[in-house]
Amino acid sequence: MIAVMAILVESYRSLKAQKLFKTVLVLSLLVIIGFASFGFNEKGMSLFFGAYTIESEFLNSESEYSKTLYLGIFSAFIVNLWLAWVATILALISTSSIFPTFLSEGAVEMVMSKSVRRTTLFLSKYIGGLLFVILQVSVFCVGAFLVAGWRVGEWNVTIFLAIPLVTIFFSYLFCVNVLFGVLTRSTLVALLFTLLFWFMTFGVRQADDILHIVWFQGEVMAVHYEQELEEDVQNLATYKSTLESMKEGENTESGLDYYSGQIKRTESNMEYLQNEVDERRRLMSQLDPWVTTLNIIRWPLPETSRTIGLLQRWIDQGRDVTMVDIMSGKIFEEDEQVDDEVFRSDQEAQKKLIGREQEISAGAIIGWSLLFEFVILVLAWWVFVRRDY
Amino acid sequence: MMSAAPVISIDDVYKTFKRRVHALRGVSMRVHEGEIFGLLGPNGAGKSTLVKIIMTVIRANRLSGTVLGHSVGHKPTLSRVGYLPEHHRFPKHLKAGQVLDYLAGLSGVPRRVRKKRIDEMLELVGMTDWKRHRVGEFSKGMQQRIGIAQALMNDPRLLLLDEPTDGVDPVGRREIRDLLIRLREQGRTIFINSHLLSELEMVCDRVSIMVKGRVAMEGTIEALTSDSQRYEIHVEGKIAGDMAPGATSVESVGVDLTKITMPTAKATDVQPLLDKLRQSGTTIHRVMPVRESLEDLFIRAIETTGEGSGTPGAVTGKGGDA
């Protein structure tokens with residue numbers, strides 16, 4: 001325990017000595033100030049500490065939506081963009097040198113010759129690396145908590161869940177960084193491979209989402225056309241029976257022409273609808289192998305975006321109106337039927353995608369990703385403890 | 001001074017690195033309690049590799065032996081061992097006091113003890129005034145002093161120093177020498193790996209000379225040089241060879257001086273010759289006992305094993321015995 005504490009204290013001193021650590025703290029402070037500059041008054045949304053007001057009947061200090069929006073801005077934008085992208089890149093730059101420096105010639109003999117076990121050294125140093133994010137996000141969350149309480153009266157402790165979530169998210173990347181750092185003992189190589197890995201997981205995730213949206217759109221359209229086709233089949237049967245009955249009776253020529261025309265139009269429409277259904281089903285079957293391939297590629301990768309997305313899910317939990325409702329404009333308009341089929345299918349596909357995300361439990365997202373991290377760490381640990389220095 | 005169980009006792013140490021570089025080829029060695037033991041050898045002889053194996057930084061391919069009574073590689077034992085690696089580097093952002101605190105912490109020294117010993121050790125190596133300065137600002141000699149201080153932080157029974165006077169000025173070297181002698185007087189065992197033969201000669205009780213991954217010579221300097229002990233008698237004028245029975249050489253040195261070499265360590269063996277020279281009216285200019293220096297011994301060990309100066313000692317090839 002003494003050795004572990006010594007390493008953690010050294011890690012903290014190392015972070016404190018870094019200009020980048022202080023720079024990120026200052027930048028985080030500026031982001032929090034930016035967050036605080038935004039608020040609500042009786043008329044609407046106030047910007048730059050009340051210098052400007054955007055009038056709104058839905059989003060003002062009297063509205064419950066304002067609290068959802070305020071926390072949503074924190075989770076969907078600040079955490080997603082600042083903490084999960086910019087601050088993470090800066091943290092990776094800052095922490096990439098931890099293991100290569102630790103294992104550099106002259107330094108490694110000093111620590112490896114001590115009575116502390118290599119496994120303890122490895123794990124302590126790893127946790128020491130995570131300190132960067134833990135400290136930064138903790139300071140950030142305290143700031144965000146106070147600002148949200150002050151600006152919209154929402155003293156929501158869920159904000160603090162960003163600390164473990166962002167740390168876990170960062171650890172998915174940091175373990176890759178450590179593996180390459182231990183293997184190559186080069187800061188630059190470790191950083192480069194980590195960023196490549198991150199962008200790869202991001203790319204796979206984006207491709208998977210886009211593919212699923214297209215697939216869902218195809219499915220929604222196919223189902224829609226199938227429903228129309230079913231209606232046409234019934235209509236056609238009605239037209240035909242009416243026409244037959246008219247032929248037997250004493251009807252006018254115009255009536256017979258009308259139903260004959262309707263039958264022709266319906267048959268033509270049915271042909272079109274059948275073609276559309278076939279086209280959509282063909283597209284979906286063409287996409288199926290790609291969906292499977294991406295699922296296989298995505299299967300072992302950590303769920304970086306989904307992990308960060310959990311914060312929004314937890315903040316929205318138990319609320320009548322969610323951030324998605326606000327962003328989609330649902331709160332501003334009455335439910336109305338949109339005639340544009342493409343637009344409707346797009347909305348349906350988006351809903352299905354969100355539904356798919358919601359179906360995956362937090363335990364599955366984090367557990368699976370931690371399993372990936374565990375495997376990578378075991379590899380790095382193996383190299384670390386077995387190597388001659 | 002010496003106890004029955006050696007502090008370091010290793011046998012048949014073999015180490016082969018990648019590309020079949022045979023660094024150690026069956027090294028055996030004993031270091032006894034309370035002695036200063038010097039490890040010598042040309043570059044690449046395997047000295048640092050051996051020290052690193054003892055300190056668990058490197059794993060041997062084959063090894064049997066103990067350090068302080070426990071198998072080599074037993075980590076808890078290292079809490080009673082101090083080590084100064086060659087070309088060591090400290091985290092530059094740490095101050096001198098923090099370096100000692102950090103490294104002693106890794107050895108499991110409790111915080112309360114560390115706090116007390118930091119000041120003591122800094123004073124011991126003459127660095128008290130530099131406690132709150134970053135080690136990144138230090139000269140090589142100052143870093144070496146901090147290195148020795150950190151090696152002593154855990155109050156070790158055994159101290160392994162790899163080139164302890166590297167980069168240290170003559171005054172500093174003398175201080176380190178005096179410190180080593182003081183530590184020996186306290187009953188600690190000191191193992192030094194150094195190129196500075198004159199330094200070692202002044203402090204070492206025993207030495208081991210390694211060449212090509214093997215121990216070429218081991219023992220006290222006196223025992224190792226006993227064969228070379230002789231008396232040299234300088235007399236005025238030239239004398240005939242039969243005037244000096246038992247002498248290994250009679251040679252002319254200078255304009256009017258002759259040097260007679262007697263292969264003996266005993267002064268009594270020289271007396272008959274001196275009597276004979278006096279009786280013959282020869283003026284005896286100087287009589288002195290002469291012994292091989294450590295440097296001579298070192299060169300002899302290298303020449304005996306066919307190892308040229310500066311040639312890397314590590315052997316590469318297919319037919320290694322590791």
Listed once per pair and sorted, the side chain to side chain donor-acceptor pair (under 3.5 Å) pairs that draw on residues 193-203 of chain A, sequence neighbours left out: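 Output for this query lists A:Asn177-A:Thr194.
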For chain A, the option from B:Gly147, B:Pro110, B:Ala151, B:Pro85 that forms the most heavy-atom pairs under 4.5 Å: B:Pro85
Contact leader toward chain A among B:Pro91, B:Ala104, B:Gly108, where contacts are heavy-atom pairs under 4.5 Å: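 Between B:Pro91, B:Ala104, B:Gly108, the count favours B:Gly108.
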Pairwise side-chain contact, B:Leu78 with A:Val116, heavy-atom cut-off 4.5 Å (strictly under): no
4.5 Å side-chain heavy-atom contact, A:Ile2 and B:Val109: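 No, their side chains stay 4.5 Å or more apart.
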B:Phe191: side-chain contact (heavy atoms from CB on, under 4.5 Å) partners, not counting sequence neighbours: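 By the side-chain contact (heavy atoms from CB on, under 4.5 Å) rule, B:Phe191 matches B:Ile8, B:Met29, B:Val31, B:Phe37, B:Leu39, B:Val51, B:Leu160.
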Counting only heavy atoms not in [X], do more than 12 fall under 6.0 Å of its [atom1]?
X: A:Phe193; atom1: CZ; value: no
X: A:Leu188; atom1: CG; value: no
X: A:Met5; atom1: CE; value: no

Cross-interface N/O pairs, chain A with chain B, donor-acceptor, under 3.5 angstrom:
{"residue": "A:Glu10", "atom": "OE2", "partner": "B:His93", "partner atom": "NE2", "Å": "2.9"}
{"residue": "A:Ser104", "atom": "OG", "partner": "B:Arg89", "partner atom": "NH2", "Å": "2.9"}
{"residue": "A:Glu105", "atom": "O", "partner": "B:Arg89", "partner atom": "NE", "Å": "3.2"}
{"residue": "A:Glu105", "atom": "O", "partner": "B:Arg89", "partner atom": "NH2", "Å": "3.2"}
{"residue": "A:Gly106", "atom": "O", "partner": "B:Arg89", "partner atom": "N", "Å": "3.0"}
{"residue": "A:Glu109", "atom": "OE2", "partner": "B:Lys52", "partner atom": "NZ", "Å": "3.3"}
{"residue": "A:Met112", "atom": "O", "partner": "B:Thr56", "partner atom": "OG1", "Å": "3.3"}
{"residue": "A:Met112", "atom": "O", "partner": "B:Lys75", "partner atom": "NZ", "Å": "2.6"}
{"residue": "A:Lys114", "atom": "O", "partner": "B:Lys75", "partner atom": "NZ", "Å": "3.0"}
{"residue": "A:Lys114", "atom": "NZ", "partner": "B:Gln150", "partner atom": "OE1", "Å": "3.1"}
{"residue": "A:Ser115", "atom": "OG", "partner": "B:Ser107", "partner atom": "O", "Å": "3.4"}
{"residue": "A:Arg118", "atom": "NH2", "partner": "B:Thr56", "partner atom": "O", "Å": "2.9"}
{"residue": "A:Arg118", "atom": "NH2", "partner": "B:Val57", "partner atom": "O", "Å": "3.0"}
{"residue": "A:Val385", "atom": "O", "partner": "B:Arg59", "partner atom": "NH2", "Å": "2.6"}
{"residue": "A:Asp388", "atom": "OD1", "partner": "B:Arg59", "partner atom": "N", "Å": "2.9"}
{"residue": "A:Asp388", "atom": "OD2", "partner": "B:Lys15", "partner atom": "NZ", "Å": "2.5"}
{"residue": "A:Tyr389", "atom": "N", "partner": "B:Val57", "partner atom": "O", "Å": "3.2"}

Interface moiety of A:Leu121 toward chain B, non-hydrogen atoms closer than 4.5 Å: side chain
Contact class of A:Val108 relative to chain B, heavy atoms under 4.5 angstrom: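 Contact with chain B: none, neither part.
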Set of residues satisfying side-chain hydrogen bond (donor to acceptor under 3.5 Å, both in side chains) with respect to A:Ser75, sequence neighbours excluded: A:Gln312
Engaged part of B:Leu94 at the chain A interface, taking heavy atoms whose separation is under 4.5 Å: side chain
